[in-house]
Amino acid sequence: MRRTAWTIALAALVCGFSTAGNAAVTCTLGALTGFATAYVPSTAATNVTQGTIAVTCVRARTGDATTATFTLSADNGLHATAQQNRAQLGANLINYDLFQDSTCATVWRANAANRISGTIAGLTGFIPSSTNIPFWGCVAGSQTGLPAGTYMDTVTVTLRGQGTDTATFPVAIFTPASCSMTTAPGTVSFTYTAFGGVQNASTPYSVTCTSLLPYTMALDATVGVVGGLQYTLALSSPGSTGTGLAQSFSVNGTMPANQAGTCGVASCITSQTRTLTISY
């Protein structure tokens, strides 16, 4: 018995198919300037400084939208306590916050309710288009007791809406070394009778210097003659270390006894000016 074997070829046609991806506009973060400011702790007013964030959007395909919308969120930096942003210098901290407006009324945060919204319209072809989004760093006044130096922080910004992107920007709050005459000295007033006894007089003053900042004080002269009467002056302290608060001192004067003076009538008023200098 003969058998004939037939070979049957089976062909499977596998057809590949693809689904066109959703057309999309892509946005990315560009330059983030952050903010840097000089802050004087003894000033009561809020220190307000503007920063900017660059956002760039581009169409990927011909059918993509010509308008891109996005949101920007900001975290609380590296040294925050709860929702309070803080910049750091060693063990010292300055409080600050980020806002969407120059009046420091609308806070800028990571939660959806406090994000900055932005739009870039008029996208054409595949040409990137950019915009600068402003924000403001606000440092509350009267944060006393802070040493001079640069307080630093780093904030992370997240872009959402047309893709996701993150970037960081620096915060630098510089507390300059400074001293100011909080209350200027008045007049060292002597009432002296010719050939009378020793007379003493003084006037108070106060100085406010940056915390931990050493400073010295000196008069341009400590001896002089006014109305023919010799006098000496001395400061209650030659200097101190700043606390960020007003520190009180005095200028103390003495007229020795038994001086005649040059007044030829019943009474005379004469004066002389001295200069007090603070060095730091």
Side-chain angles (χ1 to χ4, degrees), residues 34-51 77 79 81 84-99 102 104 136-153 170-190 200-226 231-255 271-280:
F35 76 92
T37 189
Y39 175 76
V40 179
S42 59
T43 301
T46 297
N47 182 303
V48 182
T49 305
Q50 183 178 328
H79 313 293
T81 174
Q84 177 64 67
N85 292 20
R86 303 188 300 177
Q88 185 177 53
L89 171 63
N92 301 285
L93 296 158
I94 289 181
N95 293 337
Y96 76 94
D97 271 308
L98 301 175
F99 290 85
S102 61
C104 307
W136 287 264
C138 300
V139 189
S142 301
Q143 297 186 57
T144 57
L146 297 169
T150 302
Y151 294 70
M152 301 294 297
D153 197 16
V171 173
I173 303 172
F174 173 63
T175 302
S178 66
C179 284
S180 62
M181 190 73 70
T182 315
T183 303
T187 303
V188 180
S189 298
F190 296 99
N200 297 309
S202 67
T203 183
Y205 66 95
S206 62
V207 175
T208 300
C209 291
T210 302
S211 184
L212 305 181
L213 176 67
Y215 62 94
T216 59
M217 299 174 290
L219 294 165
D220 63 328
T222 58
V223 296
V225 177
V226 59
Y231 67 88
T232 61
L233 297 175
L235 300 178
S236 60
S237 173
S240 187
T241 300
T243 63
L245 302 173
Q247 295 172 286
S248 297
F249 305 98
S250 63
V251 180
N252 304 316
T254 299
M255 276 189 172
S271 64
Q272 195 171 70
T273 300
R274 296 266 67 96
T275 301
L276 172 63
T277 300
I278 303 171
S279 302
Y280 56 94

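A salt bridge (Lys or Arg N to Asp or Glu O under 4.0 Å) check over residues 84-93, counting only residues at least two apart or in different chains, returns nothing.
Scanning all heavy atoms of the two residues, the minimum distance from Gly149 to Leu89 falls at CA-CD2, 3.7 Å. Minimum interatomic distance between Ser202 and Asn252 (heavy atoms only, all atoms of both residues): CB-OD1, 3.2 Å. Closest approach of Val48 and Cys104 over heavy atoms only: CG2-SG, 3.7 Å. Among all heavy-atom pairs drawn from Val40 and Ser178, the shortest one is CG1-OG, 4.4 Å. Scanning both residues, Leu212 and Pro147, for their nearest heavy atoms gives CD1-CB, 3.6 Å. Residues Asn95 and Val139 share a closest heavy-atom pair of O-CG1, 3.4 Å.
Listed by chain and number, the residues in a side-chain hydrogen bond (donor to acceptor under 3.5 Å, both in side chains) with Thr183 are Ser206 (sequence neighbours excluded). Contacts of Ser240 classified as side-chain hydrogen bond (donor to acceptor under 3.5 Å, both in side chains), with partners at least two apart in sequence or in another chain: Gln247. Phe35 meets the ring-ring contact (aromatic ring centres under 6.0 Å, His included) test with Tyr96; sequence neighbours excluded. Every residue two or more places apart in sequence or in another chain that forms a ring-ring contact (aromatic ring centres under 6.0 Å, His included) with Tyr205 is listed here: Phe249.
In this structure a side-chain-to-backbone donor-acceptor pair under 3.5 Å is present from Thr182 to Thr208. The backbone N or O of Gln50 sits nowhere less than 3.5 Å from a side-chain atom of Ser102 that would complete a donor-acceptor pair.
Rounded to the nearest 0.5 Å, atoms OG1 (Thr175) and CG (Leu213) are 11.5 Å apart. In this structure, Tyr39 OH and Thr46 OG1 are separated by 8.0 Å, a value rounded to the nearest 0.5 Å. Here CG of Asp153 is found 11.0 Å from CD1 of Ile94. Values are rounded to the nearest 0.5 Å. Summarising the geometry, atom OG1 belonging to Thr37 is positioned 14.0 Å from atom OH belonging to Tyr151; distances are rounded to the nearest 0.5 Å. Note: Cys138 SG to Asp97 CG = 8.0 Å, rounded to the nearest 0.5 Å. Going from atom CD1 of Ile173 over to atom CG of Asn47 covers 7.5 Å, rounded to the nearest 0.5 Å.
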Without placing hydrogens or testing angles, list every side-chain donor-acceptor pair under 3.5 Å for residues 216-225, not counting sequence neighbours.
residue: Asp220; atom: OD1; partner: Arg274; partner atom: NE; Å: 3.0
residue: Asp220; atom: OD1; partner: Thr275; partner atom: N; Å: 2.9
residue: Asp220; atom: OD2; partner: Arg274; partner atom: NH2; Å: 3.3

